[in-house]
A.B. asks: 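Please read through the structure below; I'll follow up with questions.
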Amino acid sequence: MFVGVLQVDLHLDKARTLKEKRQVIRSILDRVRAGFNISAAEVESLDLQQRAGLAFAAVSNDADYVRGQLQTLLRSLQQHPAARVIDHQLEIF
């Protein structure tokens with residue numbers, strides 16, 4: 001069994017309030033959960049209005065499949081119009 005974890009730090013340029021930030025984050029997390037077979041949560045920078053730390057996890061018996069899923073997700077996040085990926089870390093266990 002292989003577990004993949006992707007941690008992403010985002011900058012939300014247009015979020016002026018925590019409410020606006022939550023709307024963007026909720027749309028990202030909902031889209032990820034619907035489009036990928038991946039668990040997702042906001043885990044860092046909860047009280048900062050223009051920063052977000054998200055974590056994603058996938059499990060499979062094939063390490064290459066898990067890596068591919070998380071890399072596809074990362075590319076999708078990098079193209080998001082309201083969020084800019086500042087940093088990311090991908091690990092397979």
Side-chain angles (χ1 to χ4, degrees):
M1 173 178 70
F2 296 95
V3 178
V5 177
L6 173 64
Q7 294 178 318
V8 179
D9 289 323
L10 299 176
H11 185 265
L12 310 170
D13 293 329
K14 298 179 183 179
R16 300 293 176 227
T17 65
L18 287 175
K19 184 177 180 179
E20 290 175 355
K21 172 192 173 178
R22 281 189 225 102
Q23 290 174 340
V24 172
I25 297 303
R26 182 180 306 263
S27 74
I28 290 171
L29 295 178
D30 289 347
R31 187 172 51 123
V32 167
R33 289 180 186 130
F36 298 87
N37 189 17
I38 292 177
S39 297
E42 183 178 9
V43 295
E44 293 180 356
S45 305
L46 300 174
D47 294 332
L48 300 176
Q49 63 194 25
Q50 291 189 326
R51 292 280 309 260
L54 305 181
F56 306 94
V59 178
S60 176
N61 62 348
D62 184 355
D64 291 333
Y65 176 75
V66 170
R67 185 180 314 282
Q69 263 197 316
L70 293 174
Q71 288 174 338
T72 300
L73 169 59
L74 178 60
R75 283 191 296 274
S76 172
L77 290 173
Q78 289 170 332
Q79 296 174 359
H80 195 281
R84 183 170 43 93
V85 175
I86 298 171
D87 192 20
H88 72 279
Q89 183 176 6
L90 175 64
E91 295 182 82
I92 306 293
F93 302 97

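Given the structure is predicted, the values throughout are model-derived calculations rather than measurements. Below, all heavy atoms of this structure are taken into account, side chains as well, without hydrogens, waters or symmetry copies.
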A.B. asks: Measure across R51 and K21 and return the closest heavy-atom pair with its distance rounded to 0.1 Å.
C.D. replies: O-NZ, 2.8 Å
A.B. asks: What's the spacing between H88 NE2 and L74 CG if we round to 0.5 Å?
C.D. replies: 5.0 Å
A.B. asks: What is the distance from atom CD1 of I25 to atom CG of L54, rounded to the nearest 0.5 Å?
C.D. replies: 4.5 Å
A.B. asks: Could you see if F93 belongs to whatever hydrophobic cluster contains V59? Use Ile, Leu, Val, Met, Phe, Trp, Tyr and a side-chain cutoff under 4.5 Å.
C.D. replies: yes
A.B. asks: Could you grab the distance from atom CG of L12 to atom CZ of R16, nearest 0.5 Å is fine?
C.D. replies: 10.5 Å
A.B. asks: CG/L77 to CZ/R75 distance, rounded to the nearest 0.5 angstrom?
C.D. replies: 11.0 Å
A.B. asks: Supply the atom-to-atom distance L10 CG to Q50 CD, rounded to the nearest 0.5 angstrom.
C.D. replies: 12.5 Å
A.B. asks: Under 4.5 Å between side-chain heavy atoms, hopping through other hydrophobics if needed: is there a path connecting L6 to I38?
C.D. replies: yes
A.B. asks: Should we say atom CG of N61 is surrounded by more than 12 heavy atoms from elsewhere, each under 6.0 Å from it?
C.D. replies: no
A.B. asks: Considering all heavy atoms of both residues, which atom of A63 and which atom of I92 are nearest to each other, and what is their separation?
C.D. replies: CB-CG2, 4.3 Å
A.B. asks: How close do A40 and V32 get, heavy atom to heavy atom, and via which atoms?
C.D. replies: CB-CG1, 4.3 Å
A.B. asks: On a heavy-atom basis, which atom in L70 and which in F56 lie closest, and how many Å separate them?
C.D. replies: CD2-CB, 4.3 Å
A.B. asks: Any side-chain to backbone donor/acceptor pair from Q7 onto A55? Under 3.5 Å, distance only.
C.D. replies: no
A.B. asks: Where is the tightest heavy-atom contact between I28 and A83, given as atom of each residue plus distance?
C.D. replies: CD1-CB, 4.1 Å
A.B. asks: Under 3.5 Å, is there a donor-acceptor pair between the side chain of S76 and the main chain of T72?
C.D. replies: no
A.B. asks: Examine distances only and state if a side-chain atom of R84 and a backbone atom of P81 form a donor-acceptor pair shorter than 3.5 Å.
C.D. replies: no
A.B. asks: Give me the atom names and distance for the closest heavy-atom approach of G53 to S45.
C.D. replies: N-CB, 4.3 Å
A.B. asks: What is the distance from atom CG of D62 to atom CZ of R67, rounded to the nearest 0.5 Å?
C.D. replies: 10.5 Å
A.B. asks: L29 vs R26, test: side chain to side chain contact (heavy atoms under 4.5 Å, CB included). Steps then yes/no.
C.D. replies: CA-CA 5 Å; L29 295 178; R26 182 180 306 263; 5.9 Å; no
A.B. asks: Should V5 and V8 be regarded as members of a common hydrophobic cluster, given that ILVMFWY residues are connected when their side-chain heavy atoms come within less than 4.5 Å of each other, either directly or indirectly?
C.D. replies: no
